[in-house]
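The block underneath contains the structure these notes are about, expressed in structure tokens.
Below, chains carry the letters A, B, ... as their sequence lines are ordered, and counting in each starts from 1.
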Amino acid sequence: MREIQLHNTLSGKLEPFVPQKPGEVRMYTCGPTVYDYAHIGNYRTFVFQDMLRRFLKLRGFQLTHVMNLTDVDDRIIANAAAAGKDIRGYTEKFVQAFFEDCKTLSIEAPEHWIRATDHIDDMVKLIQRLQEKTFTYSSEGSIYYRIAKFPNYGKLSKIDLTGIQAGARVDNDRYEKESARDFALWKAPKPGEHFWQTAIGPGRPGWHVECSAMAMKYLGETLDIHTGGIDLAFPHHENEIAQSEAATGKPFARYWLHAEHLLVDGEKMSKSLGNFFTLRDLFAKGYKPSAVRLALASVPYRKQLNFTFNSLRQAASGIERLRNFADRLQQGKFPAGKTEGMAARIVQAEQEFDEGLADDLNTARALAAAHELMRVANVAMDKDEFLQGDVAPARQFLATFDKVFAVLEDNDAQKLQALGYDSVQAGLSDVEIEKLIADRTAAKKMRDFAAADRIRKELAERGIILEDTKDGTVRWKRK
RNA sequence: GGCGCGGUACCCAAGCGGCCUAAGGGAAUGGUCUGCAAAACCAUCAUUCGUCGGUUCGAAUCCGACCCGCGCCUCCA
């Protein structure tokens with residue numbers, strides 16, 4: 001098996017992936033800030049993280065994956081206050097929506113889903129460690145990190161601190177800092193704001209400290225993998241490194257992976273441009289969860305993904321093809337025997353699939369391997385050269401494929417219903433459909449094709465596609 | 001200005017020195033199959049890889065310059 005290569009932001013290069021402990025991977029991924037519904041750009045990153053975790057598991061690693069939910073920050077405090085709610089009361093709705101969205105997109109639950117507000121003590125302890133080592137200073141009740149004391153600052157984002165010392169840029173932070181780049185570990189409460197009463201005084205944590213404290217609590221002082229969106233590289237991850245490594249004297253994370261952004265129609269998604277979408281916006285327009293997942297998954301994570309409705313339709317077609325093939329394997333009748341050639345092609349597809357993913361999670365390559373095998377197998381089936389004994393290995397391949405892509409299961413309608421979107425064809429039950437198909441079959445027998453076509457058309461209008469098979473049975477599916 | 005992605009067919013996209021007269025998918029057109037469909041299959045769809053130079057026996061792939069798109073450089077995945 002080919003060794004896994006990952007692009008490490010730290011070195012700017014592809015590196016062979018070798019975890020600290022053979023066979024075990026400890027991974028931390030930055031999750032959402034739950035001040036609103038997450039948007040599809042967020043999910044581009046989360047789907048990437050999910051595919052990474054799925055691939056590592058497929059490769060047999062014992063994985064401990066932690067994803068945080070940032071449920072305290074300026075926006076949350078402001079929005080909660082405006083809504084007259086406390087922090088938990090305000091964020092709960094978005095936390096639940098996030099969980100639902102993950103389920104809908106087949107994003108697996110990590111081993112630990114954790115919230116910042118459950119870990120204030122851990123953050124306080126980390127800040128105290130930094131205080132002992134004099135990496136901090138206090139000012140007007142807030143505690144800041146003194147970047148000047150950490151010589152390696154900038155190693156992740158390659159930022160050059162010379163020339164942008166205090167005063168180089170306008171510092172409009174409300175608090176007093178020694179240097180413009182210094183960041184708050186702990187923020188003094190403002191009147192009326194929610195705060196925690198702690199050993200380091202009243203207040204609330206700065207943004208960056210949560211990830212350092214939580215990651216180290218669950219995964220140890222040196223993680224194998226840390227990931228997030230590219231925008232987090234600076235300042236968030238840079239600051240995490242500064243805090244963590246100053247406190248422990250050890251490398252914080254060995255591999256840093258950053259997902260490029262999703263664009264909509266070639267532009268940054270933003271509310272003001274009117275190109276801002278949540279998952280729910282897409283479902284309301286009738287797009288399937290699986291198509292959204294595939295659209296997000298099929299462009300490798302280090303490439304900006306230009307999201308368009310056309311790309312969604314393309315993904316939907318891809319899903320159709322994959323599922324049609326899976327159905328054909330499931331339901332088709334094949335001659336007895338087993339062919340050498342097909343077995344070899346399947347092994348080849350498995351190899352290409354694995355190699356693609358091992359190559360810095362090149363999902364486009366992995367997907368192409370599946371398509372290539374499908375074409376070869378379909379051709380063989382059309383010629384009756386695909387035999388019964390070829391079915392199991394082919395299905396095995398699809399199962400492997402789906403362990404990472406997770407789009408084959410035909411459960412979009414249920415997922416949408418669970419979220420309260422009634423699918424178009426909700427009116428017809430399976431029994432009613434079967435009844436209409438029986439009527440049509442009867443009409444066909446009488447050679448009353450007009451009547452038969454009328455039924456087909458009626459079903460089509462309600463989203464049911466019929467397929468006549470050679471042996472006279474009729475397969476159907478919901479579009 | 002600094003740092004970083006990227007420009008490959010109508011669209012998405014792989015490729016990263018010879019196996020490339022460039023994977024895979026979507027769309028389209030024609031065809032096979034079908035009572036008609038659907039699915040599947042076949043054919044057509046880039047002698048060319050943003051532009052111009054250079055290196056090389058050989059370049060989409062390396063080097064240089066330029067053009068264009070995008071992101072980060074104050075809490076945005």
If we take the [atom1] atom in both [N] and [M], what is their distance in whole Å?
N: B/G25; M: B/C41; atom1: P; answer: 9 Å
N: B/G17; M: B/G7; atom1: P; answer: 16 Å
N: B/U56; M: B/U48; atom1: P; answer: 25 Å
N: B/U8; M: B/G30; atom1: P; answer: 29 Å
N: B/G26; M: B/A13; atom1: P; answer: 15 Å
N: B/C63; M: B/C16; atom1: P; answer: 15 Å
N: B/G4; M: B/A40; atom1: P; answer: 45 Å
N: B/A27; M: B/A65; atom1: C1'; answer: 38 Å

Under 4.0 Å, heavy atoms only, any strand: does [X] hit a base, just the sugar-phosphate, or nothing?
X: A/K444; answer: base
X: A/I465; answer: sugar-phosphate
X: A/N378; answer: sugar-phosphate
X: A/S157; answer: sugar-phosphate
X: A/D359; answer: sugar-phosphate
X: A/R313; answer: nothing
X: A/P32; answer: nothing
X: A/R323; answer: nothing
X: A/L262; answer: base
X: A/H258; answer: nothing

Using a distance-only criterion (donor-acceptor N/O pair, under 3.5 Å, no hydrogens), is the base of [N] paired with the side chain of [X]?
X: A/D468; N: B/C36; result: yes
X: A/D453; N: B/G35; result: yes
X: A/R75; N: B/C75; result: no
X: A/E372; N: B/G24; result: no

>> If we count only N and O atoms by modelled type, under 3.5 Å, do the side chains of A/Y37 and A/D101 hold a donor and an acceptor together?
In response: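 Short answer, no.
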> Is there a donor-acceptor contact under 3.5 Å linking the side chains of A/H258 and A/H7?
Replying inline: no
Does [N] have a Watson-Crick or wobble mate here (both distances under 3.5 Å), and if so which one?
N: B/U61; value: none
N: B/C66; value: B/G50
N: B/U32; value: B/A40
N: B/C76; value: none
N: B/C16; value: none

Please tell me whether [X] and [Y] form a close aromatic pair, meaning their ring centres lie under 6.0 Å apart.
X: A/F276; Y: A/H39; result: yes
X: A/F309; Y: A/F277; result: yes
X: A/F94; Y: A/Y35; result: no

Counting side-chain heavy atoms from CB outward, which of [options] is closest to [X]?
X: A/R440; options: B/C11, B/C36, B/A14; result: B/C36
X: A/R456; options: B/A77, B/G15, B/A37; result: B/A37
X: A/R375; options: B/G26, B/C42, B/A14; result: B/C42
X: A/K158; options: B/G24, B/A77, B/C3; result: B/C3
X: A/P300; options: B/A39, B/A13, B/G26; result: B/A13
X: A/V379; options: B/C42, B/A39, B/G26; result: B/C42

> Is there a side-chain polar atom (N or O) of A/K303 under 4.0 Å from OP1 or OP2 of B/A14?
Replying inline: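 Affirmative; the distance criterion is met.
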>> Can a donor-acceptor pair be found, under 3.5 Å and without considering hydrogens, that links the side chain of A/K158 to the backbone of A/K155?
In response: yes
Whole-Å distance between [N] [atom2] and [X] [atom1]?
X: A/L322; N: B/A40; atom1: CG; atom2: C1'; value: 14 Å
X: A/D382; N: B/C41; atom1: CG; atom2: C1'; value: 5 Å
X: A/W256; N: B/C5; atom1: CH2; atom2: C1'; value: 19 Å
X: A/D36; N: B/C76; atom1: CG; atom2: C1'; value: 13 Å
X: A/Y35; N: B/A77; atom1: OH; atom2: P; value: 6 Å
X: A/D384; N: B/C41; atom1: CG; atom2: P; value: 15 Å

Could you list the protein-to-nucleotides 67-72 of chain B atom pairs, N/O on both sides, closer than 3.5 Å?
| from | atom 1 | to | atom 2 | distance (Å) |
| --- | --- | --- | --- | --- |
| B/C70 | O2' | A/Q304 | NE2 | 3.1 |
| B/C70 | O2 | A/Q304 | NE2 | 3.1 |
| B/C72 | OP1 | A/K268 | NZ | 2.3 |

> Quick one: are A/P205 and A/W196 in side-chain contact, heavy atoms under 4.5 Å?
Replying inline: yes
> Within a reach of under 6.0 Å around NZ of A/K477, are more than 12 heavy atoms found that belong to other residues, nucleotides or ligands?
Replying inline: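 Check passes, neighbour count above 12.
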> Does A/D468 come within less than 4.0 Å of A/R475, counting only side-chain N to carboxylate O?
Replying inline: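 A/R475 and A/D468: not salt-bridged.
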> Among A/V209, A/T136, A/I127, which residue meets the side chain to side chain contact (heavy atoms under 4.5 Å, CB included) test with A/Q243?
Replying inline: A/V209
